[in-house]
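Take a look at the structure set out below.
Note that ligands are numbered from 1 as they come in the structure, with each ligand's atoms numbered from 1 the same way.
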Amino acid sequence: MIKKFLKRVFRRSAKVKTVGRAQVIPFALHGVAREQISYGAKRVTDGLQAAGYQAYVVGGAVRDLLLNKIPKDFDVATDATPEEVKRVFRRSRIIGRRFRLVHVMFGEELVEVATFRCMIETEDAQTDEHGRLLRDNEFGDQEQDAARRDFTANALFYDPATQEIYDYHRGYQDTRDGVLRIIGDPLVRYREDPVRMLRAVRLSAKLGIHLDAATAAPIAQMKSLLDNVPEARMLDEVLKMLLSGHSVECIQKLRKMELHHGLLPLLDVIMDQPMGEKFIMLALKNTDERLSQDKSVSPAFLFAALLWHEVLSVWNQLVKQGERPVGAMHIAMDEVLARQKKKLAIPHRHDAVMKEIWLLQQRFEQRSGQRPYRLLEQPRFRAGFDFLLLRCASNEVDNELGLWWDEFQDASEARRQEMLQPEGVGAGAKKRRRKPRKKPAAEGASTGQGTDDRAAE
Ligand code: ATP
Ligand code: MG
């Protein structure tokens with residue numbers, strides 16, 4: 001009680017100072033304590049300050065702490081050049097070519113240190129014909145570094161030594177009010193870097209804060225600028241959305257803002273398959289849940305889910321044309337992957353895992369003889385089983401199949417023997433192998449009809 005009262009009195013008397021053009025918010029107002037900063041980030045700011053430089057925790061970490069969220073990582077900004085930073089910390093290295101950063105290592109923790117940068121004045125800024133900024137890698141001071149950042153909430157500088165926040169764009173108040181607001185003229189800022197439109201969607205979804213009206217308004221008319229963004233960068237941002245732990249909200253927001261069309265082939269795939277949609281939304285929900293429980297998620301699993309209904313529809317066509325199921329699956333996988341690769345760089349390294357997950361789906365239907373035992377020993381069994389559960393939940397396959405495998409995994413040997421189906425039922429079904437189902441995949445066909453175990457392996 002008394003503590004609360006004192007805190008309130010103290011807060012009331014706490015004053016915001018002005019230093020140059022920055023508002024300096026004291027600890028008594030914002031309440032972010034030095035102890036909330038990671039060990040590595042404190043060591044870096046302390047070390048740089050002791051060597052006579054300015055150093056602050058910046059960006060997402062300060063914003064997240066103000067919103068009572070746990071920061072993903074702690075970035076540091078300083079007026080020391082990369083070489084100077086490197087001289088202060090033995091375990092550090094300079095990375096990056098276009099803009100050089102320093103990675104400082106403290107055991108498991110890696111702290112990224114960036115020298116203050118400035119935005120180049122418009123006359124000599126290098127932009128492409130759409131106004132996209134091609135170069136923003138000049139060193140600057142703290143104020144300039146704040147101005148080149150995207151949102152006011154992302155432009156706060158926290159000094160762990162004094163526990164003060166330096167704020168040039170009223171980002172503290174915006175964060176307190178739960179508003180995500182772009183710094184400067186939104187038209188200019190989106191033209192400079194169209195990815196900021198996607199960041200606006202992702203950050204507002206992830207943080208559960210409101211996108212300021214003036215920040216949101218021009219997005220509808222400017223979205224075509226996203227076509228000029230290099231694909232690798234788009235994939236990066238889309239992956240950040242899908243793995244943000246709030247992918248469902250992100251997708252819903254993208255849709256509401258009509259940002260999804262033509263945005264990226266991968267996302268088009270997600271949005272425009274009415275039949276696959278349920279499956280994909282479940283996959284995303286499942287990913288969000290796993291992330292909220294600190295479980296790992298694999299991009300390959302997610303990609304496999306995103307493309308599953310494409311694979312299914314090609315597979316169905318082929319089977320209709322008389323191709324054998326397993327052979328058809330191999331052709332369908334290769335075709336869909338090749339098609340995606342042309343448009344979007346899903347890294348090759350995920351191919352093998354995606355294919356394994358897809359191929360396992362056929363084998364889940366084989367529930368006689370030694371086959372289920374062999375399947376359990378597959379290193380990818382768990383991922384394949386999780387995938388199967390999503391297919392059940394989206395009504396693509398009968399729930400019974402998922403339940404069977406759920407039980408079989410942990411059942412005693414005696415129970416397993418009881419559960420096994422007689423040869424020729426379900427999996428072996430030779431009759432079905434020769435006479436594939438007519439139903440198109442989009443209506444919920446399953447892939448496991450009459451597969452040949454050896455061929456699938
Ligand atoms: P997250 O929590 O997802 O990491 P973040 O805001 O920290 O969110 P980062 O991509 O790690 O995002 O970027 C770190 C900081 O760099 C941001 O807080 C922002 O100040 C700045 N920044 C990142 N991308 C841009 C951009 N496209 N334009 C301007 N500033 C950017
Ligand atoms: Mg970050």
Side-chain angles (χ1 to χ4, degrees), residues 37-38 40-41 56-78 95-96 98-99 101 103 109-120 125 127 131-138 140 142-158 165-169 171-172 174-175 180-186 188-209 211 215 219 222 225-226 228-230 232-247 249-250 288 291:
I37 304 302
S38 72
Y56 303 87
V57 174
V58 279
V62 186
R63 171 201 74 206
D64 290 351
L65 287 171
L66 284 173
L67 291 167
N68 290 323
K69 312 228 177 233
I70 300 163
K72 225 172 43 193
D73 42 36
F74 289 81
D75 296 331
V76 169
T78 176
I95 59 138
R98 198 176 71 89
F99 190 79
L101 303 165
H103 280 173
E109 190 185 351
L110 184 153
V111 181
E112 196 166 279
V113 186
T115 306
F116 292 144
R117 274 190 263 174
C118 67
M119 214 159 26
I120 300 157
T127 55
R132 191 163 64 87
L133 211 55
L134 301 176
R135 201 169 58 108
D136 60 349
N137 54 358
E138 302 280 313
Q142 186 188 40
E143 183 178 344
Q144 290 167 323
D145 193 70
R148 62 119 191 142
R149 291 177 184 272
D150 46 6
F151 302 102
T152 63
N154 279 350
L156 298 170
F157 298 79
Y158 177 80
I165 289 176
Y166 286 68
D167 179 7
Y168 293 86
H169 298 280
Y172 174 69
D174 280 346
T175 312
L180 192 67
R181 187 194 314 276
I182 202 152
I183 296 173
D185 178 353
V188 175
R189 301 308 308 281
Y190 292 143
R191 226 175 277 133
E192 281 171 4
D193 181 5
V195 169
R196 288 174 185 149
M197 294 187 264
L198 300 182
R199 287 178 56 84
V201 172
R202 174 170 62 87
L203 291 174
S204 59
K206 168 177 147 167
L207 302 167
I209 64 179
L211 199 53
T215 301
I219 292 182
M222 299 189 81
L225 291 177
L226 285 165
N228 311 312
V229 176
R233 179 128 191 260
M234 287 296 274
L235 178 70
D236 231 40
E237 189 54 37
V238 169
L239 262 182
K240 276 193 186 170
M241 286 192 183
L242 299 179
L243 299 174
S244 66
H246 298 267
S247 63
E249 286 113 297
C250 282
D288 290 350
L291 286 165

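No donor-acceptor pair closer than 3.5 Å links the side chain of D75 to the backbone N or O of V58. No side-chain donor-acceptor contact under 3.5 Å links S247 to the backbone of L243. Side chain of T215 to backbone of L211: no donor-acceptor contact under 3.5 angstrom is found. A distance-only check finds no donor-acceptor pair linking the side chain of E138 to the backbone of C118 [under 3.5 Å].
To the nearest 0.5 Å, atom CG of residue L180 and atom CZ of residue R63 are 8.0 Å apart.
Residue nearest to atom 8 (O) of ligand 1, selected from K72, R189, R63: R63 (by heavy-atom distance). Across R202, M241, E112, K69, heavy-atom proximity to atom 3 (O) of ligand 1 is greatest for R202. Of the options D150, I182, L198, the smallest heavy-atom separation from atom 29 (C) of ligand 1 is shown by D150. Among K206, E237, R196, the residue whose heavy atom lies closest to atom 2 (O) of ligand 1 is K206.
A salt bridge is defined here as a Lys NZ or Arg NE, NH1 or NH2 lying under 4.0 Å from an Asp or Glu carboxylate O, and R149 with D145 meets this definition. Using a 4.0 Å cut-off between a side-chain N of Lys or Arg and a carboxylate O of Asp or Glu, D150 and R199 qualify as a salt bridge.
Set against the non-hydrogen atoms of D193, the atoms of ligand 1 under 4.0 Å away are 26 (C), 27 (N). Close contacts between ligand 1 and G59 involve ligand atoms 18 (O) [criterion: under 4.0 Å to a heavy atom]. If you number the atoms of ligand 1 from 1 as listed, the ones under 4.0 Å from a heavy atom of R148 come out as 29 (C), 30 (N). Interface of K240 with ligand 1, defined as ligand atoms under 4.0 Å from a residue heavy atom, comprises 10 (O).
Here the heavy atom of the protein found nearest to atom 10 (O) of ligand 1 is R199 NH1, 3.1 Å. Atom 15 (C) of ligand 1 has its closest protein heavy atom at R149 NH1, 3.7 Å.
Not a single N or O atom of D75, backbone or side chain, sits closer than 3.5 Å to an N or O atom of ligand 1. Ligand 1 has an N or O atom lying under 3.5 Å from an N or O atom of N154, backbone or side chain.
Considering only heavy atoms from C-beta on, L198 stays 4.5 Å or farther from K240 through its side chain.
For the pair R117 and F99, the distance from NZ or CZ to the six-membered ring centre is under 6.0 Å and the angle to the ring normal is within 45 degrees.
If you look at R233 next to ligand 1, the close heavy atoms, those under 4.0 Å, all belong to the side chain.
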